[in-house]
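In what follows, chains carry the letters A, B, and so on, assigned in the order in which the sequence lines appear, proteins first and then strands, with residues in each chain numbered from 1.
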Amino acid sequence: MVRTRIAPSPTGDPHVGTAYVALFNWMWAKKHGGQFLLRIEDTDQVRSTAESEAAIMRSLRWIGLPWDEGPDIGGPVGPYRQSERTEIYQRHAAQLLETGGAYRCFCTAERLEGVRAAQLAAKTHMKYDGHCRRLPAAEVASRVASGEPHVVRMAFPETGITIVPDQLRGGIEFQNEQIDDQVLQKSDGYPTYHLANVVDDHLMGITDVIRAEEWISSTPKHVRLYEAFGWTCPKFFHLPLLRNADRSKISKRKNPVSLDYYERIGILPEAMRNFLGLLGYSMPNDQEIFDLDEMLQGFDFGRLNLGGPVFDRAKLDWLNGQYIRKMGPAALAERVAATFLTPERLAAIAPLALERVDRLDQFVPLLTYLLGGKLEYTHELLLKLTGRKGAFEWLPGDEATELLRRTAETLDTVRPWSAPTIEATVTALCEQTGWKKGRVLSPVRAAVSARPATPPLFELLEALGGAVTRARLRDAADWIDANPRIE
RNA sequence: GCCCCGUUAGUCUAGUGGUUAGGACGCUGGCCUCUCACGCCGGAGUCAGGGGUUCAAUUCCCCUACGGGGUACCA
């Protein structure tokens with residue numbers, strides 16, 4: 001029986017990389033007639049949010065990779081949310097403490113920093129120096145009794161090698177002395193990823209761990225953890241990491257990375273699935289357009305290319321166009337009505353239109369930028385700052401791109417997404433950077449609307465939504481870079 | 001710095017020792033057509049470099065270069 005899982009961390013927007021990894025997990029489980037589960041890894045109490053969790057589940061449903069067990073539908077090995085499993089991890093940490101697989105560490109952040117700095121200076125590998133690993137048992141007991149804060153660290157073998165059997169690359173060798181004594185339990189009693197992940201994968205019967213390449217270097221810790229518990233290791237498959245155009249790991253700084261965004265601009269879920277299946281993976285006979293079933297038929301990890309593929313939006317658009325053409329006019333009309341011109345979305349922009357139209361037909365041009373769509377920029381729009389009495393000034397291109405990108409970045413954390421919170425954030429950004437508000441708002445307005453006049457900016461941004469707003473700010477900055485203004 | 005992974009055109013890829021290195025996106029020329037788009041036909045453009053192994057290397061091995069990831073009480 002093959003059981004796989006997707007285990008997102010609810011710390012932000014639903015990520016396209018999550019969908020990518022989910023696709024392969026789903027494929028592998030279905031190919032073997034097994035199960036695919038969803039587990040929420042919310043052990044980071046500071047960054048995890050309920051909204052993010054809900055958004056991730058919504059997007060995963062949108063992309064159409066149904067899970068067999070999960071926090072929403074339950075299952076035999078729940079709960080499927082790590083924050084509800086704290087005692088399980090504590091029990092396992094305690095077990096490791098007893099068997100010598102782990103130890104308590106009382107080191108302060110300052111001491112750790114000092115150790116790291118020394119190691120950096122010595123040009124050696126960086127890891128915990130094992131100070132508390134050798135503390136006498138009596139001292140440990142008394143410090144625990146006195147309530148001194150501490151973490152639980154894994155007692156990683158200090159010599160020898162650990163081999164990570166990666167199903168896609170073969171055995172990967174690590175020198176044990178290079179590997180850190182990973183913190184397993186934080187001082188707040190919560191587990192770190194490494195503990196929670198291993199414990200859950202075992203308890204939930206996960207047989208095949210299919211995850212992104214960024215995890216390879218921590219896999220020796222996981223391998224040894226399974227060993228310390230006396231459990232058998234699942235199979236590991238490390239997928240290539242999706243990349244930005246510059247080949248760095250895909251990130252929202254350089255690419256729209258949120259599934260919400262793609263849904264919002266009218267990418268069809270079936271096209272997105274197909275596109276993800278084209279990244280790193282390929283079908284025999286050069287077939288490029290295929291659905292989930294076709295991909296499942298003869299699915300083979302041997303066909304996976306290990307080089308990190310660039311997420312190429314132009315090809316996604318082309319693919320999406322193929323799907324649109326194939327569906328025919330009636331279905332297109334239906335899909336647009338059902339997913340794009342929805343009552344909710346029209347309702348969101350209606351308040352903004354109310355004072356600005358005298359006839360219903362005047363609502364239509366508003367749709368072209370309030371609902372989405374590609375904008376046509378000009379220098380006049382983006383860079384010209386008009387003053388009183390026809391006076392004006394040209395905003396330097398590099399200053400404009402800086403303003404736009406910084407704003408996009410700052411807006412990223414705004415939650416909930418509403419006019420007052422957006423305004424507060426932008427105002428704070430201006431104060432912090434010393435930028436004049438008008439100098440920021442003018443290019444922002446142009447970037448999101450491509451119009452000289454719009455409804456009040458923050459209400460406009462609210463109606464547009466975070467994903468579209470950020471993408472347009474970035475698009476405008478890119479446009480300025482690509483089209484420098486000639487004096 | 002240290003460890004690990006990767007490397008076929010601008011991008012996604014096929015290819016497992018002998019091929020004119022195939023397909024797709026993008027770019028570009030043309031056809032279709034009232035325009036645009038779609039569609040169709042064509043074009044430019046690639047095996048990172050150097051050593052081996054071999055009769056023969058894009059394919060196997062080593063080194064280098066380059067790219068990426070990790071190096072957290074984040075996942």
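For B:C66, the paired nucleotide is B:G6, the pair qualifying as Watson-Crick or G-U wobble because both relevant distances are below 3.5 Å. Base pairing analysis places B:G17 opposite nothing; no Watson-Crick or G-U wobble pair with both distances below 3.5 Å involves it. Nucleotide B:G45 is matched to nothing when pairs are restricted to Watson-Crick or G-U wobble geometry with both distances under 3.5 angstrom. Across the strands present, B:C31 finds its partner in B:G39; the criterion is a Watson-Crick or G-U wobble pair with both atom distances under 3.5 angstrom. Figure legend. B:A24 is base-paired to B:U11; pairs are counted as Watson-Crick or G-U wobble with both atom distances under 3.5 Å. B:G1: Watson-Crick or G-U partner is B:U71, with both key distances under 3.5 Å.
In this model, the phosphate group of B:A14 is approached by a side-chain N or O of A:Ser282 to a distance below 4.0 Å at OP1 or OP2. Between B:G70 and A:Lys249, a contact under 4.0 Å exists linking OP1 or OP2 to a side-chain N or O. Proximity of A:Asn305 to the phosphate of B:G6: no side-chain N or O atom is located under 4.0 Å from OP1 or OP2. A:Lys127 has no side-chain polar atom (N or O) that falls below the 4.0 Å cut-off from OP1 or OP2 of B:A72. Dashed line: the shortest gap from a side-chain N or O of A:Arg247 to OP1 or OP2 of B:U11 is under 4.0 Å. Contact annotation: A:Gln322 reaches the phosphate of B:G39 (side-chain N/O to OP1 or OP2, under 4.0 Å). Side-chain nitrogen and oxygen atoms of A:Arg116 include at least one within less than 4.0 Å of the OP1 or OP2 phosphate oxygen of B:A72.
As rounded to whole Å, 6 Å separates atom P of B:C74 from atom CG of A:Asp44. Rounded to an integer number of Å, the gap from A:Leu241 CG to B:G67 P is 16 Å. Following rounding to the nearest Å, A:Asp317 (CG) and B:C27 (P) show an atom-to-atom distance of 11 Å. Atoms CZ (A:Phe236) and P (B:C5) sit 16 Å apart, rounded to a whole Å. Between the CG atom of A:Leu306 and the P atom of B:C5 there is a distance of 11 Å, rounded to whole Å. With rounding to whole Å, A:Arg243 atom CZ is found 12 Å from B:C66 atom C1'. A:Asp246 has its CG atom 14 Å from the C1' atom of B:C66, to the nearest Å. Protein atom NE2 of A:His125 is 12 Å distant from nucleotide atom P of B:A72, rounded to whole Å.
The ring-ring contact (aromatic ring centres under 6.0 Å, His included) search around A:Trp62 returns none, not counting sequence neighbours.
Residue A:Phe174 is classed as a sugar-phosphate contact, given heavy-atom separations below 4.0 Å to backbone atoms only. Backbone-only contact: A:Glu41 has heavy atoms under 4.0 Å from sugar-phosphate atoms and none from a base. Among the protein residues, A:Arg303 comes within range of the sugar-phosphate backbone only, with heavy atoms under 4.0 Å from sugar or phosphate atoms but none that close to a base. Backbone-only engagement by A:Leu278 is indicated by non-hydrogen atom pairs under 4.0 Å involving sugar-phosphate atoms exclusively. A:Gln185 comes within contact range of no nucleotide atom at all, as no heavy-atom separation falls under 4.0 Å. Across all strands, A:Thr43 comes closer than 4.0 Å only to sugar-phosphate atoms, never to a base (heavy-atom distances). Contacts of A:Val151 with the nucleic acid, taken as non-hydrogen atoms under 4.0 Å apart, include base atoms.
Counting distance only, with no hydrogens placed and no angle test, the side-chain atoms of A:Ser187 and the base atoms of B:C73 include a donor-acceptor pair under 3.5 Å. Checked by distance alone, A:Arg47 brings a side-chain donor or acceptor within 3.5 Å of a matching partner on the base of B:C74.
Note on ring orientation: taking the six-membered ring where Trp is involved, the planes of A:Phe275 and A:Phe311 are perpendicular (angle over 60°, cut-offs 30° and 60°). The aromatic rings of A:Phe24 and A:Tyr20 lie perpendicular to each other, with more than 60° between the two planes, well past the 30° mark.
Using C1' as the reference atom, B:U19 and B:U46 are 15 Å apart when rounded to the nearest Å. For the P atom pair drawn from B:G29 and B:C38, the interatomic distance equals 14 Å after rounding to whole Å. Spacing of C1' atoms, B:C5 relative to B:G52, comes out at 24 Å, to the nearest Å. Comparing the same atom, P, in B:A9 and in B:G42 gives a spacing of 24 Å after rounding to whole Å. A gap of 25 Å separates the P atoms of B:C34 and B:G26, to the nearest Å. The separation of B:U58 from B:A48, taken at their P atoms, amounts to 10 Å, rounded to a whole angstrom. Distance check on atom C1': B:U64 versus B:U7 gives 13 Å, rounded to whole Å. B:U59 and B:U8 are spaced 12 Å apart, taking the P atom of each and rounding to whole Å.
Using a cut-off of 4.0 Å between Lys/Arg side-chain N and Asp/Glu carboxylate O, A:Glu84 and A:Arg39 are scored as not salt-bridged. Salt-bridge formation is detected for the pair A:Arg405/A:Asp478: a Lys NZ or Arg NE/NH1/NH2 atom is positioned less than 4.0 Å from an Asp or Glu carboxylate oxygen.
In this structure, of B:C4, B:A24, B:C38, it is B:A24 that holds the atom nearest to the side chain of A:Glu288. Nearest to the side-chain atoms of A:Ser248 among the listed nucleotides B:A75, B:A14, B:G69 stands B:G69. Of the candidates B:G70, B:C73, B:U11, B:G70 carries the atom nearest the A:Glu214 side chain, counting heavy atoms from C-beta on. For A:Pro309, the listed nucleotide lying nearest its side chain is B:U13; candidates were B:G23, B:U13, B:C25. Closest to the A:Lys315 side chain, of the nucleotides B:C3, B:G70, B:C12, is B:C12.
Of the two residues near RNA chain B, A:Pro149 and A:Lys123, the one whose nearest nucleotide lies more 5' is A:Lys123. Both A:Ile172 and A:Cys105 lie close to RNA chain B; mapped to their nearest nucleotides by heavy-atom distance, the more 5′-ward contact belongs to A:Ile172.
Each of A:Arg81, A:Arg47, A:Arg58 was checked for a salt bridge (Lys or Arg N to Asp or Glu O under 4.0 Å) with A:Glu53, and the lone residue meeting it is A:Arg81. Each of A:Leu37, A:Asn25, A:Asn197 was checked for a side-chain contact (heavy atoms from CB on, under 4.5 Å) with A:Ile206, and the lone residue meeting it is A:Leu37.
A centroid separation of less than 6.0 Å is found between the aromatic rings of A:Trp28 and A:Phe237. Taking the six-membered ring wherever Trp is involved, the centroid distance between the rings of A:Tyr281 and A:Phe301 does not fall below 6.0 Å.
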